[in-house]
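Take a look at the structure below.
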Amino acid sequence: MYIVIVGGGQLGRHLAKALIAEGHEILIVEKDKDHCRTIANSIGSVFVNGDGCETAVLANAGVNRADMFISVAAYDEDNLIACQVAKYRFNVPHTICRVRNPKNEEIFKKLGIDTVVCSTKIILQYIEEQVPSNSLSHLTTFKDSVSELVSIRILEDSPTIGHTIRDIKMPEGSELMLLIRGCERPIKPQENTEIASGDQFIVVGLVENADKVRFALTGLF
Amino acid sequence: MKIVIMGCGRVGARLATMLDSEGHEVSILDKYTTSFARLPENFKGQALLGNGLDEEDLRKAGIEEANAFVAVTQADNSNIMAGQIAREIFGVKKVLCRIYDPLRRDVYAMLGLEAISPTSVVANLFKESLESEF
């Protein structure tokens, strides 16, 4: 695939290296001359120096034949404009935009960006999951953006310990997929499976119901 | 008419002053309070410290009841993004943006965003004036 990346900072460079290793053709569009020098020294001549929001620069970069366009520059608004120009002016089939401000995630999706990745949200979630009292982890959101895969850990003070799955009333649209217990092979939870401290349940459910799923399984908010 | 203006630079402040003196209800947003020094003392509109790219700040400026939104900050991309938020998220009927880069202006004009490029406008005015002389 031919993939154009806007922004040759840390993220852009590491992304380019990883995609090159996978065999893709990569071009980085970078405004800053110093950053371009860093790219030249660390990866090679896989860049053009210019503003990734400018039509002329993108035309020169051959964006019209790109299969994918990824914008990871410093400012959210610059990433939005670069992706929109790629999508609407050059008809790139798949645009991916990095945002820092979580508020912009939904807005950018509404404004036509195919995939919006919020780095702040991902870091926040990862740190939150490291807090021992946290029982809910978001594993992945499905393409429909409505359902997701979550992991629920049963903490030692959970009132549901000793109850069977039959007693648990899961919220609508959610299903228990797997139970991971200690080092055993994960199993599909059965009606008569008893909940124990330390259990980890993998659940498919609606994004908006994540907290209800947690409450149903752990009895804790 | 209720108008929200983003960016209290020379153009934003001047536009706000003119509309205000004609009796329109004007809200003007800027990231720096010092920018509001450009407004006259008798300005009756609302001058609000805030970011026009933030939905909350736009709501505080009354975007939900606004008949028009004008984005005139120094940054093209901020103006474009704010203009799209006003139009697509808040459904403001009349949205106007300043985009210095004429090529970028053309791309967004194609997408239906009404934008003025001072670069093209001023260049054309100079050209006309020169041509009328010679």
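Within every chain, numbering begins at 1; the chains are lettered A, B, ... in the order of the sequence lines, protein sequences first and strands thereafter.
Between B/Tyr108 and A/Gln84, the shortest heavy-atom contact is OH-OE1, 2.7 Å.
Here the rule is side chain to side chain contact (heavy atoms under 4.5 Å, CB included) with A/Cys53, and of B/Val107, B/Asn77, B/Ile80 only B/Asn77 fits it.
The distance from atom CG of B/Asp76 to atom CD1 of A/Ile81, rounded to the nearest 0.5 Å, is 9.0 Å. Atom CG of A/Leu111 and atom CZ of B/Arg87 lie 9.0 Å apart (nearest 0.5 Å). Atoms CD1 and CD1, from A/Ile107 and B/Ile89 in turn, are 5.0 Å apart once rounded to the nearest 0.5 Å. Between atom NZ of residue A/Lys110 and atom CD1 of residue B/Ile85 there is a gap of 10.0 Å, rounded to the nearest 0.5 Å. The structure places CG of B/Leu53 at 9.5 Å from CG of A/Leu80, a figure rounded to the nearest 0.5 Å. A distance of 6.5 Å separates CG in A/Asp76 from CE in B/Met81, rounded to the nearest 0.5 Å.
By the neighbour-count criterion of 12 heavy atoms within 6.0 Å, atom CZ of B/Arg59 is densely surrounded, having more than that number from other residues, nucleotides or ligands. A/His24 NE2: more than 12 foreign heavy atoms inside a 6.0 Å radius. Crowding of A/Glu172 atom CD: a count of heavy atoms from other residues, nucleotides or ligands under 6.0 Å not exceeding 12. Crowding of A/Lys212 atom NZ: a count of heavy atoms from other residues, nucleotides or ligands under 6.0 Å not exceeding 12.
B/Leu103 touches chain A through backbone and side chain together, each having a heavy atom under 4.5 Å away. Neither the backbone nor the side chain of A/Tyr75 comes within less than 4.5 Å of any heavy atom of chain B. When heavy atoms are compared at a cutoff of 4.5 Å, B/Gln84 approaches chain A by way of both its backbone and its side chain. Of the two parts of A/Glu54, the backbone and the side chain both hold a non-hydrogen atom closer than 4.5 Å to a non-hydrogen atom of chain B.
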side-chain contact (heavy atoms from CB on, under 4.5 Å) evaluation trace for A/Lys103 with B/Asp54: CA-CA 8 Å; A/Lys103 285 180 181 175; B/Asp54 187 297; 2.8 Å; yes
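A/Asp51 has its side chain within reach of B/Arg104: a pair of non-hydrogen atoms, C-beta onward, lies under 4.5 Å apart.
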